[in-house]
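Below is one structure; the comments refer to it alone.
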Amino acid sequence: MRSGVQAQMPVLYVGDADAAGRFYALFGYTGQPRRDGRFSLRCGELTLLLVEGTPVPAALYLHVDDVAATTDRLVAAGHPVDHVPGGECRTIDPDGNTILFTRSPAPPSQAEPDGRPSHVRRAAAVAARRDGAPAHCQIGGARGEPCADPAEVKLADSWGDTVWGCLTHADETLVNARGAFLATEDGTGLAAYLTARRTRPDEAAVAG
């Protein structure tokens, strides 16, 4: 398709462009205000446009060279970072936008065909081998509309709530629901661990 998209520029509406600029500088973005008052930030060949105004909730998914170093910079600057199963991390910018970041993507020969994180696909593969999943996605669209796609991934949180979703809505939920994580039910959870401890009392006593 010769008339396809040639470039793209994410736009974030922020309450304070200076504060937002300092936050994104922690990821390596630099830039100056444009003549129209907008802030155009660059990191290598990537561009991020900040527009001062009423913040609109958004999410960014970033690939970084060094996850540990990026996390250290964010935490040192007072921005807490949550660790998500699969090597991803999540933080919140000064305007409440969700920032999910992970290491730089694998070479094309190793990448997933649709760009989805491999840990989400692994969880879907495990769920496909088990019974009990509902027929359709339980998450639905942003406005509450039902989703007819098959339920492929189970999500949970620390409060014990669970929900099944299609890959698309599961990705969206993992990005925006800070306490959500994948529930793979692959036999390596707490129940299996505690059962194994009870069957090996001598080992448990030594470990204690």
Side-chain angles (χ1 to χ4, degrees), residues 5-105 115-117 119-120 139-145 147 153 155-159 161 163 165-182:
V5 175
Q6 300 300 314
Q8 62 182 16
M9 181 187 300
V11 178
L12 291 180
Y13 288 86
V14 300
D16 185 334
D18 287 326
R22 289 192 296 271
F23 172 83
Y24 288 101
L26 299 171
F27 286 95
Y29 284 95
T30 60
Q32 300 292 330
R34 302 192 330 188
R35 292 182 179 178
D36 58 6
R38 300 177 179 182
F39 279 62
S40 182
L41 305 181
R42 293 190 64 83
C43 185
E45 298 181 356
L46 305 176
T47 302
L48 176 64
L49 184 63
L50 304 180
V51 180
E52 283 196 341
T54 302
V56 177
L60 287 179
Y61 192 105
L62 305 176
H63 290 101
V64 301
D65 293 327
D66 191 326
V67 172
T70 302
T71 299
D72 289 344
R73 289 195 299 271
L74 288 163
V75 172
H79 303 288
V81 175
D82 297 327
H83 295 274
V84 181
E88 296 172 331
C89 297
R90 178 169 44 209
T91 189
I92 304 297
D93 79 359
D95 293 282
N97 298 308
T98 298
I99 312 300
L100 195 68
F101 61 96
T102 187
R103 62 181 180 274
S104 296
R116 297 186 190 280
H119 66 284
V120 176
I139 299 174
R143 297 178 178 81
E145 64 272 22
C147 176
V153 179
L155 305 181
D157 62 25
S158 300
W159 293 268
D161 292 324
V163 66
C166 64
L167 288 180
T168 298
H169 288 131
D171 281 349
E172 175 186 321
T173 303
L174 285 172
V175 170
N176 292 296
R178 297 188 65 186
F181 57 86
L182 288 168

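Computed from heavy atoms alone, side chains included, the values below leave out hydrogens, waters and symmetry copies.
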Reported CZ-to-CG distance for the pair F27 and L41, which is rounded to 0.5 angstrom: 12.5 Å
Nearest atoms (heavy-atom pairs only) where C43 meets G28: SG-O, 3.7 Å
T47 OG1 to M9 CE distance, which is reported to the nearest 0.5 Å: 5.0 Å
Any donor-acceptor pair under 3.5 Å from T102 side chain to H63 backbone: no
Minimum heavy-atom distance P55-G15, with the two atoms named: CG-N, 3.7 Å
Check: D95 main-chain N/O paired with D93 side-chain donor or acceptor under 3.5 Å: yes
Spacing of L100 atom CG and D82 atom CG [to the nearest 0.5 Å]: 10.0 Å
Min side-chain heavy-atom separation C89-V67 under 4.5 Å: yes
Interatomic distance, L12 atom CG to F39 atom CZ [nearest 0.5 angstrom]: 13.5 Å
Spacing of CD belonging to E88 relative to CZ belonging to R103, to within rounding of 0.5 Å: 9.0 Å
Heavy-atom pair with the smallest gap, counting every atom of I139 and G165: CD1-CA, 3.8 Å
Rounded distance [0.5 Å steps], CG in L62 versus CG in L48: 8.5 Å
E52 versus A17, closest heavy-atom pair with distance: OE2-N, 3.0 Å
Note, L60 side chain near F101 side chain (heavy atom, < 4.5 Å): no
